[in-house]
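All of these numbers come straight from a predicted model, not from anything done at the bench.
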Protein chains: 2
Amino acid sequence: MAAARVYKHPETGDIAIPRVMFALSEPLRLSMVQLLSERGEVDSIELGPDLPRSTLTHHTSLLRESGVVFVRAEGRKCMIQLRRDDLETRFPGLIDTVLHGYQESNPGMAEA
Amino acid sequence: MAAARVYKHPETGDIAIPRVMFALSEPLRLSMVQLLSERGEVDSIELGPDLPRSTLTHHTSLLRESGVVFVRAEGRKCMIQLRRDDLETRFPGLIDTVLHGYQESNPGMAEA
DNA sequence: ATGCTTGTGCGAGAATAGTCGAACGATATG
DNA sequence: CATATCGTTCGACTATTCTCGCACAAGCAT
């Protein structure tokens, strides 16, 4: 059988603040991270059901390469999860603080 | 006399997470904020003594418009300070967390 | 006033990022 | 096996950002 898709991730120690900040500076990606923080591991398509696939890949790749999410192949889909522990190790409190601030400033978030 | 330079700043409540994150995603600006957090109010030129003036203005303007810093004219120079309290009110813990993470991941910071 | 310093605005150019369609490979389903 | 589904890659286009030189305005010094 052919090798399944394999994704490259930065080591925990190599996660860099500027890249993480940049990854979280896009409203779309920020909402993805917010959803990941609520849901745990998620099918990639749930992060942007209405987006063109190539756009979705673009954003998930950026989140992965910046060290924010972990991606793994599962059959033909791909599953995404927030690297919460790694981020907590590297930058304690960062994700919680950012997501808390994000929720505070987003009125329309109380659904589900 | 002509009106002195006046700078527009977003209200505390209008400071938005994505813009702040973007402002802090540039290594140069991040180092500026780091220096501001140590020094309090600072002459703008101290934020980038070797930069072309127009480049410096570009970054300080971006930091100001995103709500990260407060700028005021003082004679012909301009003084910059971190909007620490406003940011703390709006996004508790964010700046401290980011700067802490930044310091952690920057070996060459122990001078001065 | 003359000259010097500082910040700003404008414009150009380069670099980076975002969006998306099309083609492809891999996987699941019939 | 044939087909549909999903993710990735590529290329193109657009938009945004970064950098910087230059000209200008305002404040300070002699």
Side-chain angles (χ1 to χ4, degrees), chain A residues 1-9 16-33 35-36 41-81, chain B residues 1-9 16-33 35-36 41-81:
Chain A
M1 60 169 286
R5 278 168 296 156
V6 170
Y7 297 92
K8 253 184 76 176
H9 299 81
I17 276 272
R19 294 191 60 150
V20 172
M21 300 301 275
F22 183 76
L24 301 179
S25 72
E26 274 291 316
L28 187 53
R29 288 192 294 261
L30 198 45
S31 70
M32 289 175 174
V33 171
L35 191 144
L36 286 167
E41 193 173 46
V42 153
D43 184 340
S44 72
I45 210 168
E46 291 190 59
L47 296 180
D50 300 333
L51 266 58
R53 293 292 147 78
S54 47
T55 302
L56 186 55
T57 298
H58 171 72
H59 288 296
T60 55
S61 298
L62 197 152
L63 286 169
R64 170 176 54 81
E65 288 160 12
S66 64
V68 175
V69 303
F70 179 80
V71 182
R72 84 186 158 85
E74 165 107 6
R76 52 187 166 178
K77 24 183 100 167
C78 73
M79 305 297 290
I80 322 266
Q81 53 187 11
Chain B
M1 63 167 283
R5 279 168 295 157
V6 170
Y7 297 91
K8 254 184 75 176
H9 298 80
I17 275 272
R19 294 190 60 145
V20 173
M21 300 300 276
F22 183 77
L24 301 179
S25 71
E26 274 290 318
L28 187 52
R29 289 192 294 261
L30 199 46
S31 69
M32 290 175 173
V33 170
L35 191 145
L36 285 166
E41 193 173 47
V42 152
D43 184 341
S44 72
I45 209 170
E46 291 190 58
L47 296 180
D50 301 332
L51 266 59
R53 293 292 148 77
S54 47
T55 302
L56 186 54
T57 298
H58 170 72
H59 288 295
T60 55
S61 298
L62 196 152
L63 285 169
R64 171 177 53 81
E65 289 161 11
S66 64
V68 175
V69 304
F70 179 80
V71 181
R72 88 189 153 82
E74 166 107 5
R76 48 185 166 174
K77 23 183 103 167
C78 73
M79 305 297 290
I80 321 266
Q81 53 187 345

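- Phosphate proximity of C:dG18 to A:Arg29: present, with a side-chain N or O under 4.0 Å from OP1 or OP2.
- For the OP1/OP2 pair of D:dC20 and a distance below 4.0 Å, the side-chain nitrogens and oxygens of B:Thr55 include at least one atom meeting the criterion.
- Comparing A:Pro52 and B:Thr60 by the nucleotide of DNA chain C that holds the closest heavy atom to each, the one mapping nearer the 5' end is B:Thr60.
- None of A:Leu35, A:Val33, A:Leu36 except one satisfies the side chain to side chain contact (heavy atoms under 4.5 Å, CB included) rule with A:Ile80; the exception is A:Leu36.
- In this structure, CZ of A:Arg5 is placed 17 Å from P of D:dT5, rounded to the nearest angstrom.
- Spacing between atom CG of B:Leu56 and atom C1' of D:dG21 amounts to 15 Å, rounded to whole angstrom units.
- Across the protein-nucleic acid pair, A:Met79 atom CE and D:dG7 atom P stand 11 Å apart, rounded to whole Å.
- For the pair B:Glu26 CD and C:dA17 C1', the computed distance is 12 Å after rounding to whole Å.
- Atom NE2 of A:His58 is separated from atom P of C:dT19 by 7 Å (rounded to the nearest Å).
- Within 4.0 Å of A:Leu62, counting heavy atoms only, lie sugar-phosphate atoms of the nucleic acid but no base atom.
- In this structure, A:Ser61 reaches neither bases nor backbone, as no heavy-atom distance under 4.0 Å exists between it and the strands shown.
- Residue A:His59 places no side-chain N or O under 4.0 Å from the OP1 or OP2 atom of C:dA17.
- The side chain of A:Arg76 contributes no N or O atom lying less than 4.0 Å from OP1 or OP2 of C:dA28.
- The nearest heavy atom of DNA chain C to A:Phe22 and to B:Arg53 marks one nucleotide each, and the one closer to the 5' end goes with B:Arg53.
- Here B:Ser54 does not reach the OP1 or OP2 of D:dG21: none of its side-chain N or O atoms lies under 4.0 Å away.
- Across every non-hydrogen atom of B:Arg29 and B:Phe22, the tightest pair is NH2-O, 3.4 Å.
- The side chain of A:Tyr7 contributes an N or O atom lying less than 4.0 Å from OP1 or OP2 of D:dT8.
- With sequence neighbours excluded, no residue forms a side-chain contact (heavy atoms from CB on, under 4.5 Å) with A:Arg76.
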side-chain contact (heavy atoms from CB on, under 4.5 Å) assessment of A:Glu26 paired with B:Met21: CA-CA 9 Å; A:Glu26 274 291 316; B:Met21 300 300 276; over 6 Å; no
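- Between B:Ile80 atom CD1 and C:dT6 atom C1' there is a gap of 12 Å when expressed in whole angstrom units.
- Atom CE in B:Met21 sits about 16 Å away from atom P in C:dA17, given to the nearest Å.
- At whole-Å resolution of the value, CD in A:Glu65 and P in C:dA17 are 11 Å apart.
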Residue pair B:His58, B:Leu51: steps toward the side-chain contact (heavy atoms from CB on, under 4.5 Å) verdict: CA-CA 11 Å; B:His58 170 72; B:Leu51 266 59; over 6 Å; no
